[in-house]
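Remember, predicted model here, so these are calculated numbers, not experimental data. Quick note on labels: first sequence line is chain A, next is B, and so on, each numbered from 1.
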2 protein chains.
Amino acid sequence: MSSKELQVLEDYIQQNNLKITRQRRAVLNAFLECEKHVSAEELYRIVTQKDPKIGLATVYRTLSLLTHSQLASELDFGDGQKRYEHRYMHSHHDHMICTECGKIIEFNHPLIEKFQEEVASRNGFTITSHKLDIFGLCSECR
Amino acid sequence: MSSKELQVLEDYIQQNNLKITRQRRAVLNAFLECEKHVSAEELYRIVTQKDPKIGLATVYRTLSLLTHSQLASELDFGDGQKRYEHRYMHSHHDHMICTECGKIIEFNHPLIEKFQEEVASRNGFTITSHKLDIFGLCSECR
DNA sequence: GAAGTTTTTGATAATGTTTGCCGACACCAT
DNA sequence: ATGGTGTCGGCAAACATTATCAAAAACTTC
């Protein structure tokens with residue numbers, strides 16, 4: 001199941017002299033089956049339903065692995081905990097967050113990206129990453 | 001000295017049945033004299049140089065007051081602590097943060113703002129706030 | 001301006017997320 | 001089996017921020 005992502009993780013693991021373990025596979029599978037934008041705590045609850053012996057620290061450590069192997073992106077909407085979303089075969093996008101129900105809409109606007117580059121180069125600034133978060137009310141909560 | 005901002009704070013305080021105190025005035029003055037984008041800890045160090053008896057909790061509480069009275073904006077660049085910048089008589093802007101030296105460049109691009117509105121209304125989304133952070137290297141650190 | 005009411009203060013404890021630590025454990029090659 | 005390396009789980013520690021609470025200050029009313 002979803003062997004492409006597992007292959008990516010195994011490649012990264014082998015390139016860094018790490019080891020493939022039952023726990024890492026479990027966290028990866030739970031992450032892949034999961035809805036997007038999970039927090040570490042949420043993922044921990046999901047994983048321990050299938051395998052109660054997995055520790056919270058292992059979830060954090062594996063999420064770090066997933067981030068470094070480009071399978072996951074780390075998000076921070078400023079509510080005190082980080083979230084993670086699928087990154088493999090997903091293109092860059094920004095987020096609209098409904099502050100009422102928590103729904104997250106992903107979007108991408110090529111011209112916004114382009115003008116960011118423009119503003120940066122006008123200031124002699126080299127972009128390594130950027131994030132645009134829009135907060136408000138979704139159509140159902142308005 | 002900068003009586004306009006003090007007046008704004010006093011108005012807010014009176015409208016909410018709060019009280020004007022020596023400590024609140026001290027934190028406000030330190031904030032106003034300070035360079036932009038201060039953290040609570042930094043502001044605490046500045047305030048206690050003039051008035052060593054002021055507690056850290058009071059700085060946090062007063063920063064919350066300043067934020068609610070629209071004198072300050074709360075910023076979160078994802079480095080684990082919040083920062084505060086002047087808001088009174090300052091227009092909205094976004095930030096470019098140099099990950100090497102910490103320098104922050106403020107900018108505003110009307111078209112970026114406009115396209116955000118466009119994307120939001122296309123999704124039936126009502127914007128209450130938004131933030132665009134660009135991370136990278138400034139011209140001196142490149 | 002004194003008494004009474006309400007809010008604020010400072011010190012410290014508590015919170016909540018994330019990371020560090022450590023002895024036990026799994027895996028692989030010899 | 002044995003040794004070596006990396007990982008695990010449980011818990012302690014780190015960190016910024018918030019809650020708690022008795023004492024102090026600020027405002028109100030007379």
Side-chain angles (χ1 to χ4, degrees), chain A residues 9-31 37-69 72-84, chain B residues 6 9-31 37-69 72-84 102:
Chain A
L9 180 59
E10 293 190 353
D11 287 351
Y12 177 84
I13 281 180
Q14 285 179 349
Q15 282 168 19
N16 291 77
N17 287 327
L18 305 175
K19 294 180 178 174
I20 298 162
T21 65
R22 170 178 58 84
Q23 289 91 337
R24 286 176 177 166
R25 257 192 288 257
V27 174
L28 172 63
N29 280 330
F31 173 69
H37 315 110
V38 225
S39 68
E41 190 72 33
E42 286 167 353
L43 193 56
Y44 172 66
R45 279 199 292 269
I46 295 170
V47 171
T48 48
Q49 281 178 2
K50 290 191 176 179
D51 193 337
K53 297 200 204 73
I54 291 184
L56 178 58
T58 299
V59 174
Y60 274 101
R61 285 185 287 236
T62 308
L63 278 172
S64 174
L65 277 183
L66 298 184
T67 302
H68 284 108
S69 60
S73 289
E74 204 176 70
L75 307 176
D76 182 358
F77 296 137
D79 63 340
Q81 58 184 3
K82 290 173 185 159
R83 288 162 207 286
Y84 298 85
Chain B
L6 181 58
L9 181 60
E10 293 192 352
D11 286 352
Y12 178 84
I13 281 180
Q14 284 179 350
Q15 281 168 21
N16 291 76
N17 288 326
L18 306 176
K19 294 176 179 177
I20 298 165
T21 64
R22 170 178 58 84
Q23 289 90 335
R24 286 176 176 165
R25 259 191 287 256
V27 174
L28 172 62
N29 280 330
F31 173 68
H37 314 109
V38 223
S39 69
E41 190 73 33
E42 287 167 353
L43 193 56
Y44 172 65
R45 277 200 293 268
I46 295 171
V47 171
T48 47
Q49 281 178 4
K50 289 192 177 179
D51 193 337
K53 296 199 204 75
I54 291 183
L56 177 58
T58 299
V59 174
Y60 274 101
R61 286 185 288 236
T62 307
L63 278 172
S64 173
L65 276 183
L66 298 184
T67 303
H68 285 108
S69 61
S73 289
E74 203 177 72
L75 308 176
D76 183 358
F77 296 138
D79 64 340
Q81 57 184 3
K82 290 172 185 160
R83 288 161 207 285
Y84 298 85

Closest-nucleotide 5' rank along DNA chain D - winner of A/Pro52 and B/Gly80
A/Pro52
To the nearest Å, give me how far apart CG (B/Asn16) and C1' (C/dT8) are.
15 Å
In whole angstrom, what separates B/Lys53's NZ from C/dT12's P?
16 Å
Can you name the nearest heavy-atom pair linking B/Ile13 to B/Arg24, along with the distance?
CD1-CD, 4.2 Å
Begin with the C-alpha distance, continue with both residues' side-chain angles, and end with the deciding distance and a verdict on side-chain contact (heavy atoms from CB on, under 4.5 Å) for B/Arg22 and B/Asp51.
CA-CA 10 Å; B/Arg22 170 178 58 84; B/Asp51 193 337; 2.4 Å; yes
Measure the spacing between CG of B/Asn29 and CD1 of B/Ile46 and express it to the nearest 0.5 Å.
12.5 Å
Return the value, rounded to whole Å, for the distance between atom CD of A/Gln81 and atom P of C/dT17.
6 Å
Atom-pair distance (CD1 on B/Ile13; P on C/dT8), nearest Å
8 Å
Mind checking what makes salt bridge (charged side-chain N to carboxylate O under 4.0 Å, His left out) contact with B/Arg83, not counting sequence neighbours?
B/Asp79
Students should find this one: the first and last nucleotides of DNA chain D, 5' to 3', lying under 4.0 Å from a heavy atom of chain A. What are they?
D/dT5 to D/dG10
In 5'-to-3' order, the base (B), backbone-only (S) or no-contact (-) status of each nucleotide in nucleotides 22-30 of chain C, using a 4.0 angstrom heavy-atom cut-off, is -----B---
Gap between atoms CG and P, on A/Leu56 and C/dT18 respectively (whole Å):
9 Å
So does A/Ser39 get a backbone contact from the side chain of A/Glu42, meaning a donor-acceptor N/O pair under 3.5 Å?
yes
N/O donor to acceptor pairs below 3.5 angstrom from side-chain atoms of residues 55-64 of chain A, sequence neighbours left out:
unit_1  : atom_1 : unit_2  : atom_2 : d
A/Thr58 : OG1    : A/Arg61 : NH2    : 3.3
A/Thr62 : OG1    : A/Thr58 : O      : 2.7
A/Ser64 : OG     : A/His68 : ND1    : 3.4

Nearest-angstrom distance from the residue atom CZ of B/Arg22 to P of C/dT9:
9 Å
A/His37 and A/Tyr84: side-chain contact (heavy atoms from CB on, under 4.5 Å), yes or no, with the steps?
CA-CA 5 Å; A/His37 315 110; A/Tyr84 298 85; over 6 Å; no
Evaluate the criterion side-chain contact (heavy atoms from CB on, under 4.5 Å) for residue pair B/Glu10 and B/Arg25; output intermediate values, then yes/no.
CA-CA 10 Å; B/Glu10 293 192 352; B/Arg25 259 191 287 256; 3.8 Å; yes
Between B/Ala57 and B/Asn17, whichever has its closest DNA chain C nucleotide further toward 5' is B/Asn17
Partner set under ring-ring contact (aromatic ring centres under 6.0 Å, His included) for B/Phe77, not counting sequence neighbours:
B/His95
Heavy-atom pair with the smallest gap, counting every atom of B/Thr48 and B/Ile54
CG2-O, 3.5 Å
Test item: B/Asp76 side-chain N/O and B/Gly78 main-chain N/O as donor-acceptor pair under 3.5 Å:
yes
Does B/Thr21 make a side-chain N or O approach to OP1 or OP2 of C/dT9 shorter than 4.0 Å?
yes
Here the distance between atom P of C/dT7 and atom CG of B/Leu65, to the nearest Å, is 14 Å
Using a cut-off of strictly less than 4.0 Å between a heavy atom of the residue and any atom of DNA chain C, enumerate the qualifying residues of residues 41-49 of chain B by number.
none
